[in-house]
Amino acid sequence: KNMLLDDINFPDVKYGTKNKEDYRDLTEAEWSPFFGHHYWEVFIFSMSYAYAKGLVPKSVPGVGNMPANVFQQPTRDLMRSLAIDHTKDLNILKDTNAYVKICEEFAYVGFDEVLKRIKDNPSEVPVEDILFNMIKEVHTEQN
């Protein structure tokens, strides 16, 4: 019953005004590994990458919102898990806006790095490998 209420209260998700065009580019340009994908997928990758890298979350200026309904249950569960792990407090789940804000802040700081890596990709690296290489680096750093 509480999770249902949580889903009703799930807010639109901010990714920042300055990133709006870059999100569009990454999902519409053939040189991007996110070509043909959705904004929420760029958001979740950026969020996860920043968290795994231990980047410091930054507050998201301006708007640039994704509607709540694009975040389906498994994605919301991932966002909840990140917020719980980050705060080390299960009670964060009682405040939907608070845990979504944490995710927004990680995605915001991660997006700059993701965008830079995609745009600065050496031509010999296939576009499909960019994200895989970023994941591999994080995994290597943690082991």
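Nearest heavy atom pair, residue S32 against residue V127, reads C-CG2, 3.6 Å. Nearest heavy-atom pair, A107 versus S46, reported as atom, atom and distance to 0.1 Å: O-CB, 3.5 Å.
Around atom CD of E141, more than 12 heavy atoms belonging to other residues, nucleotides or ligands sit under 6.0 Å away. At most 12 non-hydrogen atoms from other residues, nucleotides or ligands lie less than 6.0 angstrom from CZ of F132.
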Set out, in order, the CA-CA distance, both residues' side-chain angles and the distance that settles side-chain contact (heavy atoms from CB on, under 4.5 Å) for L78 and S48, then state yes or no. CA-CA 9 Å; L78 177 65; S48 303; 4.1 Å; yes

Please determine whether ring-ring contact (aromatic ring centres under 6.0 Å, His included) holds for the pair Y15 and F111, giving the CA-CA distance in whole Å, both sets of side-chain angles, and the decisive distance to 0.1 Å. CA-CA 9 Å; Y15 57 88; F111 182 74; 8.1 Å; no

Give the intermediate values and the outcome of side-chain contact (heavy atoms from CB on, under 4.5 Å) for residues Y51 and D85. CA-CA 10 Å; Y51 192 69; D85 193 60; 2.5 Å; yes

Under the side-chain contact (heavy atoms from CB on, under 4.5 Å) criterion, do F106 and K53 qualify, and how do the steps go? CA-CA 10 Å; F106 274 107; K53 282 286 279 189; over 6 Å; no

Take F34 and L131 through the test side-chain contact (heavy atoms from CB on, under 4.5 Å) and record every step on the way to the result. CA-CA 9 Å; F34 290 106; L131 302 180; 3.6 Å; yes

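Y39 contributes atom OH, which lies 12.5 Å from atom CG of N65 (distance to the nearest 0.5 angstrom). For the atom pair D25 CG and K119 NZ, the distance stands at 5.5 Å (nearest 0.5 Å). Between the CG atom in L55 and the OH atom in Y49 there is a gap of 7.0 Å [rounded to 0.5 Å]. From I130, atom CD1 reaches atom CD1 of I118 across 5.5 Å, with rounding to the nearest 0.5 Å. Remark: H37 NE2 to E28 CD distance equals 13.5 Å, nearest 0.5 Å. A distance of 12.5 Å separates CG of L82 from CG of D77, quoted to the nearest 0.5 Å.
Two residues are said to be in side-chain contact when any heavy atoms from C-beta on lie closer than 4.5 Å; T87 and I102 meet this criterion. Within the 4.5 Å cutoff, no side-chain heavy atoms of M47 are placed close to those of E104. Using a 4.5 Å heavy-atom threshold, the side chains of H86 and E105 count as separate. Between T27 and F35, the closest side-chain pair of non-hydrogen atoms is not below 4.5 Å. No side-chain heavy atom of D89 sits under 4.5 Å from any side-chain heavy atom of I84.
Classification of the F43-F71 ring pair by plane angle, with boundaries at 30° and 60°, yields perpendicular. Aromatic ring orientation, H38 versus W40: parallel (interplanar angle below 30°, classes split at 30° and 60°).
Distance alone, capped at 3.5 Å, is enough to place a donor-acceptor pair between the K14 side chain and the V60 backbone. Panel note: side chain K20, backbone T17; no donor-acceptor pair is recorded below 3.5 Å. Within the 3.5 Å criterion, the main-chain N or O of A68 finds a donor-acceptor partner in the side chain of D12.
When hydrophobic clusters are built by joining Ile, Leu, Val, Met, Phe, Trp and Tyr residues whose side-chain heavy atoms come closer than 4.5 Å, directly or via intermediates, V56 is not grouped with V114. V109 and I44 fall into different hydrophobic clusters, where Ile, Leu, Val, Met, Phe, Trp and Tyr are joined by side-chain heavy atoms under 4.5 Å apart, directly or via other members.
By the 4.0 Å N-to-carboxylate-O rule, K101 lies too far from D95 to be salt-bridged with it. Salt bridge K18/D112: present, at least one basic N to carboxylate O contact under 4.0 Å.
Under the 3.5 Å distance criterion, with hydrogens and angles disregarded, no donor-acceptor pair is assigned to the side chains of N19 and Y108.
Annotation: cation-pi geometry not satisfied between R80 and Y99 (NZ/CZ under 6.0 angstrom from ring centroid, within 45° of ring axis).
Residue pairs meeting the salt bridge (charged side-chain N to carboxylate O under 4.0 Å, His left out) criterion with at least one partner in residues 120-132, sequence neighbours excluded, are K116-D120.
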